[in-house]
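First comes the structure, then the notes that go with it.
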Amino acid sequence: MVDLPCPFPALVHPRLDAIESDLRQWLQRWGIYDEHSRRSRWDYLVATMYALGDLERVQVVARIMIWLCQADEACMERPATNGRPQDAALYALCFQEILEDPVPQPHTEDRYILALRDAQLALRQIASPVQIRWFNAGLTRQLLAATAEVVLEATDSVLPVDDYLRLRRFSAATGAAFAIGLEITGGYELPEPVRYTEDYTHLMRLVDELYGFTNDIMTYGRDAAVSRKVIPNVVATLMRERQLPLDRAREAAITMYHERLDAFTTITARMRQDADPATARLVEELGPYIGSQRAFFHRSERYRHTAVFTSDSTEATPTSGPAPGPRAS
């Protein structure tokens, strides 16, 4: 795995052990915990994303984060690679219904749908309506991108660089969505007008893009190993479109990453000026938040042992309830 130095060192929550224990028990409760989950170290990712957050609040947001990681593979990627893209589409619709209103009991026994409902109900106990709306908007964008990826994979479609970057920004939408989690886990909230400023909008877009570039640059080896035909990665896209060897394509991607990192630094410096306390805190926490992804990649066996973590190796497949897809009972 290629390293990508980040100027923002990651922090780690002092109760990493409690975060790991809660996540494991919650995943086991819904039948979506396995060896793949344990070795991926999703708990470490959450502990670095929300290192300064209140433990109980972190545990609630962590459940949604880890649910997304598990469900993206089992409910979106797996059906696509196994020739059942319609199952992925049904899952996306069912998940969106839960995001819109988790209160009604779903007419299904599917563990992924029920787990999302449980996590969303808990989120309502700690986050404001405004925070929930922005947080779930990011999850909706993620579902949209995941569905688009299913279609592209099913049709062996090849995207030009500009279109791939557009897709990657949406598929990395959890970067900005879970940045809202900094507020939720920290027990503070941005003034609503701040969310509609040009600087904040641009900043959240950069968070998405930095997350996407970090992922693609550091995990190209895994993407190349597990992909069947078209490699969903900016390095691979640059290699193909610009006819570049791997090293030069990676250098080009790193240059694009640093351009966005420079823009991020400029905007955060500007937003610190005369900022209200909540905005000032968010801006300060975003640096280590971005650095958390690099730290996670170095800790997770998912990215250091590619042979073990192929798209066929995880056991987190939707086998309980109405198999093989999210069909109503």
Side-chain angles (χ1 to χ4, degrees), residues 8-26 42-69 98-99 102-103 115-140 142 173-197 199-201 203-204 206-208 211 264 267-268 271-293 295-296:
F8 308 111
L11 306 174
V12 182
H13 198 285
R15 294 302 310 279
L16 171 61
D17 58 336
I19 294 171
E20 187 280 330
S21 177
D22 180 78
L23 281 175
R24 173 167 37 82
Q25 293 177 39
W26 187 79
W42 303 123
D43 58 300
Y44 188 81
L45 173 61
V46 172
T48 53
M49 291 171 70
Y50 306 121
L52 303 177
D54 172 78
L55 176 60
E56 293 184 0
R57 289 171 170 266
V58 170
Q59 289 170 334
V60 171
V61 176
R63 293 172 183 178
I64 301 178
M65 179 73 197
I66 274 51
W67 171 87
L68 181 65
C69 295
I98 298 297
L99 295 180
V103 175
L116 175 60
R117 176 177 182 263
D118 180 79
Q120 282 284 315
L121 289 174
L123 181 67
R124 289 190 169 204
Q125 301 301 311
I126 64 169
S128 74
V130 170
Q131 289 174 327
I132 291 172
R133 184 174 74 246
W134 282 82
F135 185 89
N136 284 348
L139 296 181
T140 296
Q142 175 74 25
T174 48
F178 283 95
I180 306 297
L182 291 170
E183 303 174 42
I184 298 172
T185 61
Y188 63 94
E189 184 169 1
L190 259 64
E192 181 70 354
V194 172
R195 302 188 196 278
Y196 296 96
T197 62
D199 275 347
Y200 179 84
T201 301
L203 184 63
M204 290 299 103
L206 288 169
V207 170
D208 282 339
Y211 250 67
F264 174 88
I267 292 177
T268 52
M271 290 183 68
R272 287 189 185 96
Q273 300 175 7
D274 301 320
D276 63 274
T279 301
R281 178 172 174 178
L282 176 68
V283 168
E284 291 303 317
E285 292 182 345
L286 278 174
Y289 176 84
I290 291 174
S292 67
Q293 196 180 30
F296 165 66

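Along the sequence shown, residues are numbered consecutively beginning with 1.
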(message) Using ring centroids (six-membered ring only for Trp), state whether Phe178 and Trp134 fall under 6.0 Å.
(response)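 So the answer is no for these two rings.
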Could you tell me whether a side-chain N or O of [X] sits under 3.5 Å from a main-chain N or O of [Y], the two making a donor and an acceptor?
X      : Y      : value
Thr268 : Phe264 : yes
Ser21  : Asp17  : no
Arg57  : Ile184 : yes
Glu183 : Leu190 : yes
Gln131 : Tyr188 : yes
Asp208 : Ala176 : yes
His13  : Gly53  : yes
Thr197 : Val194 : yes
Glu284 : Arg281 : no
Arg117 : Val103 : yes

Compare all side-chain heavy atoms of [X] with those of [Y] and state whether any distance is below 4.5 angstrom.
X      : Y      : answer
Gln120 : Asn136 : yes
Phe8   : Leu286 : no
Thr185 : Asp54  : no

(message) Could you tell me if Tyr289 and Gln293 have a donor-acceptor pair between their side chains, going purely by distance under 3.5 Å?
(response)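 There is no such pair (donor and acceptor under 3.5 Å, judged by atom type) between the side chains of Gln293 and Tyr289.
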Mind listing the closest non-hydrogen atom pair of [X] and [Y] along with its distance?
X      : Y      : answer
Pro191 : Ala278 : CD-CB, 4.4 Å
Ala275 : Ala280 : CB-N, 4.0 Å
Leu45  : Thr48  : O-OG1, 2.8 Å
Pro14  : Ala51  : CD-O, 3.8 Å
Val46  : Ala62  : CG1-CB, 3.4 Å
Leu182 : Tyr50  : N-CE2, 3.6 Å

(request) Measure the spacing between CD1 of Ile64 and SG of Cys69 and express it to the nearest 0.5 Å. (result)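 Output value for this atom pair is 12.0 Å.
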(request) First locate atom CG of Leu139, then atom CD1 of Ile132, and finally report the distance between them rounded to the nearest 0.5 Å. (result)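 One gets 11.5 Å once the value is rounded to the nearest 0.5 Å.
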(request) Dump the intermediate steps for side chain to side chain contact (heavy atoms under 4.5 Å, CB included) on Leu282 and Tyr200, then the final yes or no. (result) CA-CA 11 Å; Leu282 176 68; Tyr200 179 84; 4.0 Å; yes
(message) Arg63 vs Trp67, test: side chain to side chain contact (heavy atoms under 4.5 Å, CB included). Steps then yes/no.
(response) CA-CA 6 Å; Arg63 293 172 183 178; Trp67 171 87; over 6 Å; no
(request) Begin with the C-alpha distance, continue with both residues' side-chain angles, and end with the deciding distance and a verdict on side chain to side chain contact (heavy atoms under 4.5 Å, CB included) for Leu16 and Tyr44. (result) CA-CA 7 Å; Leu16 171 61; Tyr44 188 81; 4.0 Å; yes
(message) side chain to side chain contact (heavy atoms under 4.5 Å, CB included), that's the test. Do Ile126 and Gln59 meet it? Break it down for me.
(response) CA-CA 11 Å; Ile126 64 169; Gln59 289 170 334; over 6 Å; no
(request) Salt-bridge test for Glu192 and Arg133: reply yes if a basic N is under 4.0 Å from a carboxylate O, no otherwise. (result)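 Yes, this pair counts.
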(message) Closer than 4.0 angstrom, basic N to acidic O: yes or no for Arg24 and Asp43?
(response)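 No, this pair does not count.
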